[in-house]
Q: 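One structure, as structure tokens, below. Some questions next.
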Amino acid sequence: MPHPTDSDTGGTTTGTTARTTEGNTEYGRRPFKRSKSHFADRITADGRDGWPVETGRYRLVASRACPWASRAVVSRRLLGLEDAISLAIPDPLQDDRSWRFTLDPDGRDPVLGIRYLSEAYNAREKGYPGGVSVPAVVDVPSGKLVTNDFQQITLDFATEWKALHRPGAPDLYPQRWREEIDVVMAGVYRDVNNGVYRAGFATGQSEYEAAFHDLFRRLDLLSERLSNQRYLVGDTITEADIRLFTTLVRFDPVYHGHFKCNQFKLAEDPVLWAYAKDLYQTPGFGDTVDFHHIKQHYYRVHTGINPTGIVPVGPDLSGWLTPHHREELGGRPFGDGTPPGPVPPGEEVPPSGRPTALLTGS
């Protein structure tokens, strides 16, 4: 989902208003490269970058189609930051002018008052030439982008925003496990999170096969690791699980076919399938997932890979609600904490995005 003509950020990216309207056709036709986020300011408790943690000051723009952005949505929900940082959900069918707020009345974000996320980027850096990515955190008073650093945003939610966490919020980045979490996340990022894109946007057979083999070798290792422990690190949900989940939940609907990651389906690996279902059925995970947005974005935006724009009807999503039996391995999902409360009004995933019925491409 990053724009392959850019050396851009890690999140889901589109071109800016300065780009031509041919950008989406270039997916799979230009060499794929993912670079560091251009705007890497941090929102911290002490405000050392000029952006202090503050209730109501910031707005998270996060597409439900994007795995990188979805990390931030899951983290925000698990930690109970819904009242502290508001959420904007753009249209999954963005164009080359950037992510657009066509799902909102009058086609404008009701808080920021903008039609395109690129407006917040340009408010921060006039004439910004790079890709416009999500997740993005915007300063509401100034309308300026603060950060699009998809790797750091969730870590800061877990650590710098603690004063605003809900009572009973889990520790998603526990100090005693950080070294191991970092090691696990590095492998997951390289071979799985990024690996599916390296395969899907490959421009040559050898490039594709290298990414393919790295991906499934890592999935085999993860399956082995999870065969006798419920979560990736320790006995509770951590940042590592969030980062793996957002790729796994998209695997059968889009990566298996659209990105040619087809050695096996997620549902064909008993361990990974049960693990993913366990997380999906955990409050804070599945209630943020919109399968309709996911499929619409990948199959209709990546016209260089899928020029017809046809969206597959399958797969059958009902399996996400079936028993997983992972509780037999023990573990405490929220540690000494508690599950998050109900999804806030207005943030519910509509029925079309849930696995209650077979989705259509319409």
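As the structure is a prediction and not an experimental result, all values here were calculated from the model.
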Q: When you compare the side chain of F216 with that of C261, does any pair of heavy atoms fall below 4.5 Å?
A: yes

Q: Kindly say whether T203 contributes a backbone atom to a donor-acceptor pair with the side chain of E207 at under 3.5 angstrom?
A: yes

Q: Is there a donor-acceptor pair closer than 3.5 Å between any side-chain N or O of R250 and the backbone N or O of T246?
A: yes

Q: Report the residue from T238, D182, T159 that forms a side-chain hydrogen bond (donor to acceptor under 3.5 Å, both in side chains) with Y173.
A: D182

Q: For R97 and S118, which heavy atoms make the closest approach, and how far apart are they?
A: O-OG, 3.2 Å

Q: Compute whether any side-chain donor of one residue and acceptor of the other, for D149 and T147, lie under 3.5 angstrom apart.
A: no

Q: Is there a side-chain contact between F264 and D220 in this structure, where contact means two heavy atoms from C-beta onward sitting under 4.5 Å apart?
A: yes

Q: Using the six-membered ring wherever Trp is involved, compare the ring planes of Y255 and Y298 and label them parallel, tilted or perpendicular (cut-offs 30° and 60°).
A: perpendicular

Q: First locate atom CD1 of I114, then atom OG of S98, and finally report the distance between them rounded to the nearest 0.5 Å.
A: 8.0 Å

Q: Do E125 and L145 touch side chain to side chain, with heavy atoms closer than 4.5 Å?
A: no

Q: Do any N or O atoms from the side chain of E348 and from the backbone of P350 form a donor-acceptor pair under 3.5 angstrom?
A: no

Q: Side chain to side chain contact (heavy atoms under 4.5 Å, CB included) with A123: which residues, sequence neighbours excluded?
A: K144

Q: Mind checking ring pair (Phe, Tyr, Trp, His ring centres under 6.0 Å) for H258 and listing every partner two or more places apart, or none if nothing turns up?
A: Y299, H302

Q: Run the ring pair (Phe, Tyr, Trp, His ring centres under 6.0 Å) check on Y128 and H38 step by step: do they pass?
A: CA-CA 10 Å; Y128 166 67; H38 184 77; 5.3 Å; yes

Q: Considering only heavy atoms from C-beta outward, does the side chain of V289 approach that of V349 to under 4.5 Å?
A: no

Q: Quick test of your reading: applying salt bridge (charged side-chain N to carboxylate O under 4.0 Å, His left out), list the pairs with at least one residue in residues 258-281, sequence neighbours left out, ordered by first then second residue.
A: R230-D278

Q: Name all residues meeting the side chain to side chain donor-acceptor pair (under 3.5 Å) criterion together with Q263; count only those two or more places apart in sequence or in a different chain, and write none if there are none.
A: none

Q: Please indicate whether D336 has more than 12 foreign heavy atoms, meaning atoms of other residues, nucleotides or ligands, lying under 6.0 Å from its CG.
A: no

Q: Can you check whether V271 reaches L222 side chain to side chain, under 4.5 Å on heavy atoms?
A: no

Q: Less than 4.5 Å apart, side chain to side chain, heavy atoms only: is that true for I237 and L279?
A: yes

Q: T288: which residues meet the side chain to side chain donor-acceptor pair (under 3.5 Å) condition with it, sequence neighbours left out?
A: none

Q: Can you name the residues that form a side chain to side chain donor-acceptor pair (under 3.5 Å) with Q281, not counting sequence neighbours?
A: none

Q: Going by the rule side chain to side chain contact (heavy atoms under 4.5 Å, CB included), which residues pair with L221 if we only count those two or more places apart in sequence or in a different chain?
A: R218, E224

Q: Among residues at least two apart in sequence or on other chains, which ones pass side chain to side chain contact (heavy atoms under 4.5 Å, CB included) with D139?
A: W51, R57, Y58, P141, S142, V146

Q: To check you understand the geometry: which heavy-atom pair defines the closest contact between W68 and N194, and what is its length?
A: CH2-N, 4.1 Å

Q: Check I153 against P135 and note the closest heavy-atom contact, atom names and distance.
A: CD1-CG, 4.0 Å

Q: Grab the two heavy atoms, one from H297 and one from A65, that are nearest each other, plus how far apart they are.
A: CB-CB, 3.5 Å

Q: Quick one: does V192's side chain get under 4.5 Å of L215's, heavy atoms only?
A: yes

Q: With a 4.5 Å heavy-atom cut-off, do V134 and W99 have their side chains touching?
A: yes

Q: Compute whether any side-chain donor of one residue and acceptor of the other, for T247 and Y197, lie under 3.5 angstrom apart.
A: no

Q: List in chain and number order the residues that pass side chain to side chain contact (heavy atoms under 4.5 Å, CB included) with D214, two or more places apart in sequence or in another chain; answer none if no residue qualifies.
A: D191, R198, R217

Q: With a 6.0 Å cut-off on the ring centroids, do F201 and F259 count as close?
A: yes

Q: Hey, is the main chain of T303 close enough, under 3.5 Å, to the side chain of N306 for a donor-acceptor pair?
A: no

Q: What are the two closest heavy atoms between N122 and G127, and how far apart are they?
A: OD1-N, 3.9 Å

Q: With sequence neighbours excluded, what pairs up with R225 under the salt bridge (Lys or Arg N to Asp or Glu O under 4.0 Å) test?
A: E180

Q: Between N148 (side chain only) and F39 (backbone N and O only), is there a donor and an acceptor less than 3.5 Å apart?
A: yes

Q: What is the distance from atom CG of L329 to atom CG of D235, rounded to the nearest 0.5 Å?
A: 11.5 Å

Q: At their closest point, which heavy atom of T236 faces which heavy atom of D241, and how far apart are they?
A: O-OD2, 3.8 Å

Q: Quick one: which residue pairs count as a side-chain hydrogen bond (donor to acceptor under 3.5 Å, both in side chains) with a foot in residues 160-172, not counting sequence neighbours?
A: R166-T338

Q: Please, which pairs that meet salt bridge (charged side-chain N to carboxylate O under 4.0 Å, His left out) have at least one residue in residues 101-117, sequence neighbours excluded?
A: R59-D109

Q: Less than 4.0 Å between a side-chain N and a carboxylate O, is that true for R76 and E82?
A: no

Q: Tell me whether V343 is reachable from I242 by hopping between hydrophobic residues (I, L, V, M, F, W, Y) whose side-chain heavy atoms are closer than 4.5 Å.
A: no

Q: When rounded to the nearest 0.5 angstrom, what is the spacing between CG in L79 and CG in L81?
A: 5.0 Å

Q: Using the ring of each side chain (for Trp, its six-membered ring), is F291 parallel, tilted or perpendicular to W320, with breaks at 30° and 60°?
A: tilted

